[in-house]
Amino acid sequence: MMDKTMIKTNKNFCRVCDIIDSLTINPNPDSVAVLEEIGTNSSIDEVREMTSKALVKRNEFASLSVVISNKGKGINDMSTVVAMSTINELLSLEDKQEAMKVLENTISSEGFDEEVKENARSVKALMALS
Amino acid sequence: MSTIEKITQLSHRIFNTSVTEQNVVRSSNPFAASNFQKNILTEDVFESSKGKQDNIVSFTGNITAGSKRIYSTFVGSLGSIGNKFYEGIESIVEFCSRVKESFVTTLNKMQELGNREVGNFNAAREVLSRDIKSFFAINTREKEIAKMASMEPHAQIKPMLIESLSALEADMAKAA
């Protein structure tokens, strides 16, 4: 298996990085759908990590909902590295209002899985402290 | 002719040799002073037998000593052309570095003096402080990202992302 240092120097990985970076700043709201559909479903941890960070950086209700309220994505990812990186990115946000709204919505809604709600509560507590 | 006349002529020839041999040149050539039918040889005309070997290939050909000196000077100068060329390039690089350094130093000094207006040039100083190679690389990447950021996500970006991800997965499978 290709290790982390090797993958970061890979030409195609750099290309994926550039595309994800462009979707982060793309004003078109369809960018979120592309990131969710392709990036968060990738089998490569590094790509999922990068996609989650990009969705947090967009700091929109739709993009934050993907990484907070979806099972197996963002803070609920099976990979600890991906989940922790997403939480770290959420804590690094200058304007946390939108993120808090999404977290409260996830915690209070009945339609979400209990595990997802539990993670949302933990992140909300961390964000309140930061 | 009487005997007295013959004696007179003989004495004339004995005591007046310069009448027939006017140019007597002293040289290392033993034949130089010889009279070959009244032609005075003042130069060494005897060539060595080695000089007549025409079949021997010579790199110098019929180059004269003077020409040889000129050619040797030219060939000698050729060796230094390469050095001068690189020295020229190095001097350009040094010049650019000096300009950059002096500009950054000037800005630093101005800021030290407390000139508030210099704050406007902070961005320029940061750019100049960067390594030149990274400057070009970052510029190219940023331009590419900015170009893609204005594209349509579903129609244009999505196929590109799928293609790049497939290539990356293939690379990872190869490395495994």
Side-chain angles (χ1 to χ4, degrees), chain A residues 1-63 65-66 73 77 79 81-82, chain B residues 89 93 96-97 100 104 107-108 111 116-176:
Chain A
M1 194 72 182
M2 198 184 276
D3 66 10
K4 205 167 184 175
T5 50
M6 272 176 76
I7 196 173
K8 298 231 164 154
T9 55
N10 185 285
K11 189 183 81 179
N12 289 311
F13 181 77
C14 293
R15 178 75 177 152
V16 171
C17 286
D18 290 353
I19 295 169
I20 291 172
D21 282 347
S22 76
L23 287 169
T24 311
I25 55 170
N26 196 323
N28 194 324
D30 288 347
S31 304
V32 176
V34 174
L35 284 169
E36 186 185 2
E37 192 184 335
I38 313 293
T40 57
N41 289 323
S42 170
S43 59
I44 304 161
D45 287 358
E46 284 78 10
V47 175
R48 286 205 312 280
E49 183 185 345
M50 219 160 32
T51 309
S52 296
K53 283 182 178 179
L55 286 163
V56 175
K57 275 180 192 166
R58 278 189 77 93
N59 205 7
E60 296 164 359
F61 191 90
S63 67
S65 296
V66 174
K73 291 179 184 180
D77 198 284
S79 163
V81 176
V82 178
Chain B
I89 291 172
V93 173
C96 292
S97 303
K100 195 183 105 172
V104 174
L107 283 171
N108 283 332
Q111 201 157 31
R116 286 182 185 179
E117 287 177 12
V118 105
N120 299 329
F121 301 112
N122 274 340
R125 192 179 58 194
E126 277 173 24
V127 169
L128 284 165
S129 304
R130 271 193 238 149
D131 182 29
I132 288 225
K133 284 176 190 170
S134 67
F135 177 73
F136 287 120
I138 288 168
N139 251 358
T140 316
R141 188 173 172 256
E142 280 178 353
K143 275 183 188 173
E144 183 71 16
I145 291 168
K147 190 182 158 192
M148 285 192 288
S150 58
M151 290 180 182
E152 213 283 312
H154 272 294
Q156 292 173 291
I157 301 292
K158 194 177 164 183
M160 282 161 62
L161 184 56
I162 291 168
E163 190 189 337
S164 300
L165 268 175
S166 304
L168 177 60
E169 280 166 6
D171 284 350
M172 289 182 81
K174 264 188 213 170

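Chain A is the first sequence line, chain B the second, and so forth, proteins listed ahead of strands; every chain is numbered from 1.
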Spacing of CE belonging to Met148(B) relative to OG belonging to Ser31(A), to within rounding of 0.5 Å: 12.0 Å
field: Enclosure of Gln156(B) CD (heavy-atom neighbours >12, cutoff 6.0 Å)
entry: yes
query: Looking at side-chain heavy atoms only, is the closest gap between Leu165(B) and Asn12(A) below 4.5 Å?
result: no
Shortest non-hydrogen contact from Met151(B) toward Asn26(A): O-ND2, 3.0 Å
message: Using heavy-atom distances under 4.5 Å, tell me whether Ser42(A) contacts chain B through its side chain, its backbone, both, or neither.
response: side chain
- prompt: Hey, mind stepping through Glu37(A) and Lys158(B) against salt bridge (charged side-chain N to carboxylate O under 4.0 Å, His left out) and telling me if it holds?
  reply: CA-CA 9 Å; Glu37(A) 192 184 335; Lys158(B) 194 177 164 183; 2.9 Å; yes
field: Rounded distance [0.5 Å steps], CD1 in Ile44(A) versus CD in Glu169(B)
entry: 4.5 Å
query: Should Arg141(B) and Asp21(A) count as side-chain neighbours, where that means a heavy-atom distance under 4.5 Å?
result: yes
- request: Could you check which of Val47(A), Thr24(A), Ile25(A), Asp18(A) has the highest count of heavy-atom pairs closer than 4.5 Å to chain B?
  value: Asp18(A)
Identified side-chain contact (heavy atoms from CB on, under 4.5 Å) counterpart of Pro153(B) within the set Leu35(A), Leu23(A), Val32(A): Leu23(A)
- prompt: Under a 4.5 Å cut-off applied to non-hydrogen side-chain atoms, are Asp30(A) and Ile157(B) in contact?
  reply: no
message: Let me confirm one number: the NZ-CG distance from Lys11(A) to Asp171(B), rounded to the nearest 0.5 Å.
response: 8.0 Å
query: Is it the side chain or the backbone of Ile38(A) that comes within 4.5 Å of chain B heavy atoms, both, or neither?
result: both
task: Decide yes or no on side-chain contact (heavy atoms from CB on, under 4.5 Å) for Met160(B) and Arg15(A), but give the supporting numbers first.
output: CA-CA 9 Å; Met160(B) 282 161 62; Arg15(A) 178 75 177 152; 3.1 Å; yes
